[in-house]
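Heads up: the structure comes next, in C-alpha cells.
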Amino acid sequence: MADNARAKKLADLIREVVAQKLQRGIKDPRLGSHVTITDTRVTGDLREATVFYTVYGDDEDRAGAAAGLESAKGVLRSEVGRAAGVKFTPTLTFVADALPENAKTIEDLLDKARASDAKVREASSGAAYAGDADPYRKPDDEDEDTTA
C-alpha cells in the first residue's frame, strides 16, 4: 500500500501527461480542444487511475469524446508509464465529470431563490406596521398613564 502523498503525486502527473498528450499528441478529431481534464484519482495500491473530464459541446460531442478517449487509452497509458517511471503503470478509466450539470442545477436554484426574494420584497414594499411604529413603552408614556 502506497502512502497518500505518493498517490497524489502520481495522480497529478497523470492529469498533466494526459492533458498534454490530448492537446498535442493525439490526432483524433473527436478529441479536439473541447476536452478538458478536470481531476485524476489513483487507488491506494497505485494500480488504477480514474481520469475525470468535461466536454464543451452537446451530447453528440460528449459521446464522440468518450469513444475517442476509449480508443486512445492505450497510447495515453504508455505515455503515462514513460513519464512516471513506476514499476506498474496504472490502468486508466475515463469518467465524464458531472461538474457542469451540478453547476447548472445550483444556478437554477439560485435563480428561483432570487425570484422568490423579489416577490417578497415587492409584497412588502407598501406594507405598514400592524400596530404603532414603536410598540415599546417609554418612561414618558408611564407618567401620562398614571395622571390620566
Side-chain angles (χ1 to χ4, degrees), residues 1-139 141:
M1 186 68 103
D3 61 344
N4 287 339
R6 185 172 179 198
K8 176 74 173 136
K9 285 171 72 175
L10 183 61
D12 290 342
L13 179 72
I14 290 171
R15 186 180 69 241
E16 290 174 15
V17 168
V18 169
Q20 288 176 358
K21 191 68 175 173
L22 285 176
Q23 187 178 21
R24 297 191 189 113
I26 305 290
K27 296 190 182 350
D28 191 344
R30 299 174 290 186
L31 300 174
S33 61
H34 57 276
V35 176
T36 304
I37 304 299
T38 56
D39 193 18
T40 306
R41 296 188 185 146
V42 178
T43 59
D45 60 356
L46 306 179
R47 296 283 179 154
E48 297 176 11
T50 304
V51 180
F52 295 93
Y53 67 94
T54 59
V55 179
Y56 181 73
D58 56 359
D59 290 335
E60 183 179 319
D61 291 335
R62 288 185 190 103
L69 287 170
E70 278 300 313
S71 68
K73 186 184 289 191
V75 174
L76 293 171
R77 184 174 180 218
S78 64
E79 193 67 30
V80 166
R82 189 175 301 121
V86 293
K87 183 176 180 180
F88 181 81
T89 303
T91 58
L92 300 177
T93 305
F94 292 96
V95 176
D97 200 354
L99 184 68
E101 290 83 17
N102 290 344
K104 183 172 178 6
T105 303
I106 290 172
E107 284 296 322
D108 292 343
L109 291 173
L110 287 173
D111 288 341
K112 287 180 184 177
R114 285 185 197 107
S116 174
D117 288 347
K119 287 180 184 176
V120 169
R121 199 174 307 117
E122 183 181 315
S124 66
S125 64
Y129 292 108
D132 294 333
D134 187 12
Y136 300 105
R137 288 188 174 182
K138 297 187 175 64
D141 293 340

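Values below: every heavy atom of this structure, side chains too, minus hydrogens, waters and symmetry copies.
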Does a salt bridge link K104 with D108, judged by any charged N lying under 4.0 Å from a carboxylate O? yes
Go through it in stages, so that I can follow the logic: the residues are L22 and I37, the test is side-chain contact (heavy atoms from CB on, under 4.5 Å), and I'd like the CA-CA distance, side-chain angles, deciding distance and then a yes or no. CA-CA 9 Å; L22 285 176; I37 304 299; 3.7 Å; yes
Between D12 and R15, is there a side-chain N and carboxylate O pair less than 4.0 Å apart? yes
Under the side-chain contact (heavy atoms from CB on, under 4.5 Å) test, which residues partner A66, sequence neighbours left out? Y53
Check side-chain contact (heavy atoms from CB on, under 4.5 Å) between K73 and all other residues, then give those that pass, not counting sequence neighbours. E70, L92, F94
Quick one: does L46's side chain get under 4.5 Å of L10's, heavy atoms only? yes
Excluding sequence neighbours, so at least two apart, what forms side-chain contact (heavy atoms from CB on, under 4.5 Å) with D97? T38, F52, T54, L99
Only one of T50, D39, L69 passes side-chain contact (heavy atoms from CB on, under 4.5 Å) with V95; say which it is. T50
Looking at residues at least two apart in the chain, or sitting in another chain, which of them share a side-chain contact (heavy atoms from CB on, under 4.5 Å) with A98? E101, N102
Between atom CD1 of I14 and atom CD of E16, what is the distance when rounded to the nearest 0.5 Å? 11.0 Å
Is there any salt bridge (charged side-chain N to carboxylate O under 4.0 Å, His left out) pair reaching into residues 81-96, and which pairs are they, with sequence neighbours excluded? E79-R82
Show the nearest heavy-atom pair for residues T89 and R77, with the distance to one decimal. O-NH2, 2.6 Å
Drop me the distance from T43's OG1 to R41's CZ, to the nearest 0.5 angstrom. 13.0 Å
Pairs where residues 113-125 contributes a residue and the test salt bridge (charged side-chain N to carboxylate O under 4.0 Å, His left out) is met, not counting sequence neighbours: D111-R114
Evaluation steps, side-chain contact (heavy atoms from CB on, under 4.5 Å), between E48 and T93: CA-CA 8 Å; E48 297 176 11; T93 305; 5.8 Å; no
Between L13 and A84, which heavy-atom pair has the shortest distance, and what is it? CD2-CA, 3.4 Å
Closest contact, heavy atoms only, A49 versus V42: CB-CG2, 4.1 Å
